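Given the structure is predicted, the values throughout are model-derived calculations rather than measurements.
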Amino acid sequence: MKDVTKMSDDFDRWYTDVVRKAELADWSGIRGMMVVRPYGWAMWEAIMRAFDDMIKETGHENWAFPLLIPREYLMKEAEHVEGFAPEVAWVTRAGGDMEELEEPLAVRPTSETIIGPLIKRYIQSHRDLPKLTNQWNSVVRWEMRSRLFLRSREFWWQEGHTFHASAQEAIEEASMILGNYRSIAEDWLAVPVLTGRKSPAETFPGAVHTLTVEGLMKDGLALQMGTSHYFGQNFARAYDISFSNKENERELCYSTSWGISTRLVGALVMAHGDDSGLIVPPKVAPIQVIVVPIYRDDESRAKVERFVNSWAPELKAAGVRHRVDWRDERPGDKYAHWELKGVPIRLNVGGRDADAGQVEMVDRLSRARVSVPISGIGKRLSHELDSFQTKLFDRAQQFQRDSTFELRTLEEVIAHFRERGGLVWADWCGDGEEEARIKAETGGVTIRTIDESAKPSGKCFVCGNPAKYRVALAKAY
RNA sequence: CGGGCGGUAGCUUAGCUCGGUAAAGCGCCUGGUUUGGGACCAGGAGACCGCGAGUUCGAAUCUCGCCCGCCCGACCA
């Protein structure tokens, strides 16, 4: 019953099996709406804590803005409205008699259009800037096709919205946040990412530019793991968010917004998992070490229990999140169970170990069994977890390298993606019509990022004219 | 949102063609034997057969509508 579909047989089914059987999330029965279960939510909590600490460090503050947005507000920034209109859900009735509202209210798909008109009252002077806001909430986007964590009609995220006195400062803000996102992906989730700028077709509606963090999943598809947008004065103009500068002139703010979501839990599943289930990076693992006691009767159980109790407090003291599995199951069941759940390190502890003053340590990556003395166990495990985190990242990075290619023509790109996935670097001229053509002719391959730090050396892979950009191409979720 | 497929116990499914009030495995509960890689024996609980109409003496089964899910496509900042 616990068996999951093999990844190689059907990746999508594997993904769904793992998410559900490892108890991360379920569908709710309400189309496209998911239930995030405690084990999945705990991973999101770890991400929340990490990112919240990062932004507090740089002066950001958490706010709470309304869930519902008056239509009038939503409509003000033309490009933004156009981009979001197809996925907005509306509240049109309320009250016991379900009376029609005078003005429909949009359920926020993102909050630029409610924060804009509300934040302006707190911004009068250049002394009020920068205004660095963030909120942790959920948003609703009326998706037509849903997948657990990756695309659901409601998802949980943070949305940062900042307002600055200069373009320069706002641009720097957006890129600093992108750096934080890279850190969340790489240092916390152990998923190596490409960072860069989005092409025009992929740029957030209303943004001057969008920066992105893109990861590669085990099926060879890319996943957008976070975006950070620079708006210039677009939203400030739409909502008249202005301030008096030092010369006592009225000036429009420059703003940004940025977000990461529960989609990252899906990313971690698809970047690390295997046929036995999840592999959770220690830094976000709800349980980092699982202890499986092995005994045959009350007497041997008591002995193992005494032994475990003698050193378990040391794990806590060392900051190791652990649990002892005293459920009345056979050890083999427990091994399989915790492997499915992706717990990084398991300790098998039986009578023999108690006698020898040691435990048998098994890591989820190698599954090699090593006997380790209980003396200094806390420190040892803490070290093993760090090493596990590193190995997981290295493994993912190796996969990314092995899945990265350099191609020169559209024909090569088409042929490549007919055969396999992965990331393809190519030089591109930047023509907007070509971008649509790439997508159409390759069966959905898109420009995931533009690497602004690299200079193109050759010709555009589509038209052969001199190239302006180095781009990473991939099929994406 | 279009095309295709599906929904029967917690899970996976049989039964549906040919209408007669539901079956199995796994899981769950109880007791016992077990326990260093997914145990075994015995007993037990558990199903408004996705929902609603219709046809019929009688519907899991036939018809229609709706809801939910899966696959393909469109869409997805």
Side-chain angles (χ1 to χ4, degrees), chain A residues 1-5 10-13 15-17 20-21 23 26-34 77-88 109-110 112-113 139 141-148 150-153 155 157 159 198-212 223-224 226-229 231 234 257-259 261 263 276-277 292-301 304 325-340 346-356 358-362 367 369 371 439-440 443-444 446 475-477:
Chain A
M1 180 250 179
K2 287 282 175 66
D3 285 343
V4 300
T5 306
D10 185 337
F11 190 88
D12 294 348
R13 223 173 269 275
Y15 173 78
T16 305
D17 278 0
R20 302 193 56 205
K21 291 180 177 172
E23 303 179 330
D26 270 313
W27 285 123
S28 62
I30 302 149
R31 189 184 174 118
M33 300 273 179
M34 64 175 185
E77 212 291 332
E79 272 186 41
H80 185 78
V81 183
E82 196 190 327
F84 275 101
E87 9 187 352
V88 174
T110 176
E112 281 76 5
T113 60
V139 290
R141 298 180 184 182
W142 218 246
E143 303 289 353
M144 287 304 145
R145 198 167 178 179
S146 3
R147 302 206 56 197
L148 289 166
L150 306 177
R151 176 162 287 110
S152 49
R153 283 185 168 176
F155 58 87
W157 75 342
E159 47 176 325
K198 282 294 192 188
S199 60
E202 303 271 329
T203 297
F204 183 87
V208 172
H209 69 241
T210 289
L211 304 176
T212 183
L223 181 72
Q224 180 175 298
T227 48
S228 182
H229 317 289
F231 292 141
N234 293 349
S257 85
W258 24 274
S261 73
R263 173 182 259 201
S276 300
V292 177
I294 297 158
Y295 49 86
R296 53 186 73 243
D297 49 32
D298 285 352
E299 194 185 333
S300 58
R301 179 186 156 129
V304 171
D325 186 357
W326 286 112
R327 290 176 306 147
D328 188 19
E329 306 278 348
R330 298 162 68 83
D333 289 293
K334 296 182 184 178
Y335 298 168
H337 176 78
W338 296 110
E339 280 171 9
L340 173 59
R346 186 178 76 234
L347 301 179
N348 302 337
V349 187
R352 296 203 294 270
D353 298 301
D355 291 337
Q358 62 182 34
V359 294
E360 187 178 75
M361 182 175 74
V362 188
R367 296 194 209 198
R369 295 169 179 230
S371 285
K439 190 171 176 182
T446 49
K475 286 193 183 175
Y477 275 92

**Request:** For B:G52 and B:A60, measure between their C1' atoms and round to the nearest Å.
**Result:** 16 Å
**Given RNA chain B, 5'-ward residue of the pair A:I294 and A:R151, judged by closest heavy atom** = A:I294
**Fill in**
Between CG of A:D355 and P of B:G36 the distance, given in whole Å, is 17 Å
**Message:** Between B:C70 and B:U17, how far apart are the two C1' atoms, rounded to whole Å?
**Reply:** 24 Å
**Request:** Step through the shown structure and confirm whether more than 12 heavy atoms of other residues, nucleotides or ligands are within 6.0 Å of CZ on A:R13.
**Result:** no
**Complete:** With sequence neighbours left out, the residues meeting side chain to side chain donor-acceptor pair (under 3.5 Å) with A:E23 are A:K341
**Request:** Could you label the plane-to-plane angle of the A:F231 and A:H229 rings as parallel, tilted or perpendicular, counting under 30° as parallel and over 60° as perpendicular?
**Result:** parallel
**Item:** B:G52: pairing nucleotide in any strand, Watson-Crick or G-U under 3.5 angstrom
**Value:** B:C64
**Request:** Considering only atom C1', compute the distance from B:C11 to B:C28 and round it to an integer number of Å.
**Result:** 11 Å
**Request:** Using the P atoms only, state how far B:C41 lies from B:C57, rounded to an integer number of Å.
**Result:** 49 Å
**Message:** Over all strands shown, is A:E87 touching base, sugar-phosphate only, or nothing at heavy-atom distances under 4.0 angstrom?
**Reply:** base
**Item:** Whole-Å gap separating P (B:G38) and CD (A:E339)
**Value:** 12 Å
**Prompt:** Does atom CD of A:E329 have more than 12 heavy-atom neighbours from other groups under 6.0 Å away?
**Reply:** yes
**Item:** Integer-rounded Å distance: B:G36 P and A:E329 CD
**Value:** 13 Å
**Complete:** The contact string for nucleotides 66-71 of chain B, one letter per nucleotide 5' to 3', using protein heavy atoms under 4.0 Å with B, S and - for base, sugar-phosphate only and none, comes out as --SSSS
**Counterpart residues, side chain to side chain donor-acceptor pair (under 3.5 Å), relative to A:R301 (two or more places apart)** = none
**Message:** Under the rule for side chain to side chain contact (heavy atoms under 4.5 Å, CB included), what residues qualify as partners of A:A354, not counting sequence neighbours?
**Reply:** A:K303, A:F307
**Request:** For B:U8 and B:C49, measure between their C1' atoms and round to the nearest Å.
**Result:** 4 Å
**Message:** Output the rounded distance in Å from CD (A:E202) to P (B:C75).
**Reply:** 12 Å
**Message:** What contact category does A:G351 fall into here, base, sugar-phosphate, or nothing, at under 4.0 angstrom with non-hydrogen atoms?
**Reply:** base
**Message:** In the structure I gave you, are the side-chain heavy atoms of A:E87 and A:E143 within less than 4.5 Å of one another anywhere?
**Reply:** yes
**Message:** Need the pair for B:C28. Rule: Watson-Crick or G-U wobble, both distances under 3.5 Å, any strand; none if unpaired.
**Reply:** B:G44
**Message:** Could you tell me how far B:U56 sits from B:A14 if I compare only their P atoms? Round to whole Å.
**Reply:** 31 Å
**Request:** Tell me which of A:P205 and A:V349 sits closer to the 5' end of RNA chain B, going by the nucleotide each one is nearest to.
**Result:** A:V349
**Item:** Set of residues satisfying salt bridge (Lys or Arg N to Asp or Glu O under 4.0 Å) with respect to A:D333, sequence neighbours excluded
**Value:** none
**Prompt:** Expressed in angstrom and rounded to an integer, what is the separation of A:D325 atom CG from B:G36 atom C1'?
**Reply:** 15 Å
**Request:** With a 3.5 angstrom cut-off on both distances, give the Watson-Crick or G-U wobble partner of B:U33, or none if there isn't one.
**Result:** B:A39
**Message:** Output the rounded distance in Å from NE2 (A:H337) to C1' (B:C26).
**Reply:** 17 Å
**Request:** Not counting sequence neighbours, which residues clear salt bridge (Lys or Arg N to Asp or Glu O under 4.0 Å) with A:R20? List them please.
**Result:** A:D26
**Request:** Looking only at side-chain atoms of A:R296, point me to the closest of B:C76, B:U35, B:A39.
**Result:** B:U35
**Request:** Just call it for A:R346: base, sugar-phosphate, or nothing, with non-hydrogen atoms closer than 4.0 Å on any strand.
**Result:** base
**Complete:** Re B:U17: Watson-Crick or G-U wobble partner, both distances kept under 3.5 Å, found to be none
**Item:** Watson-Crick or G-U wobble mate for B:C5, both contacts under 3.5 Å
**Value:** B:G69
**Prompt:** Base, sugar-phosphate, or nothing: which does A:E360 touch, judged by heavy atoms less than 4.0 Å apart?
**Reply:** base
**Message:** Just the rounded figure in Å: distance from C1' of B:A74 to NZ of A:K439.
**Reply:** 10 Å
**P gap between B:C62 and B:C16, integer Å** = 10 Å
**Request:** Scan A:Q224 against the nucleic acid and name what it touches under 4.0 Å (heavy atoms): base, sugar-phosphate only, or nothing.
**Result:** nothing
**Message:** Taking only the C1' atom of each, what is the distance from B:G38 to B:C26 in whole angstrom?
**Reply:** 12 Å
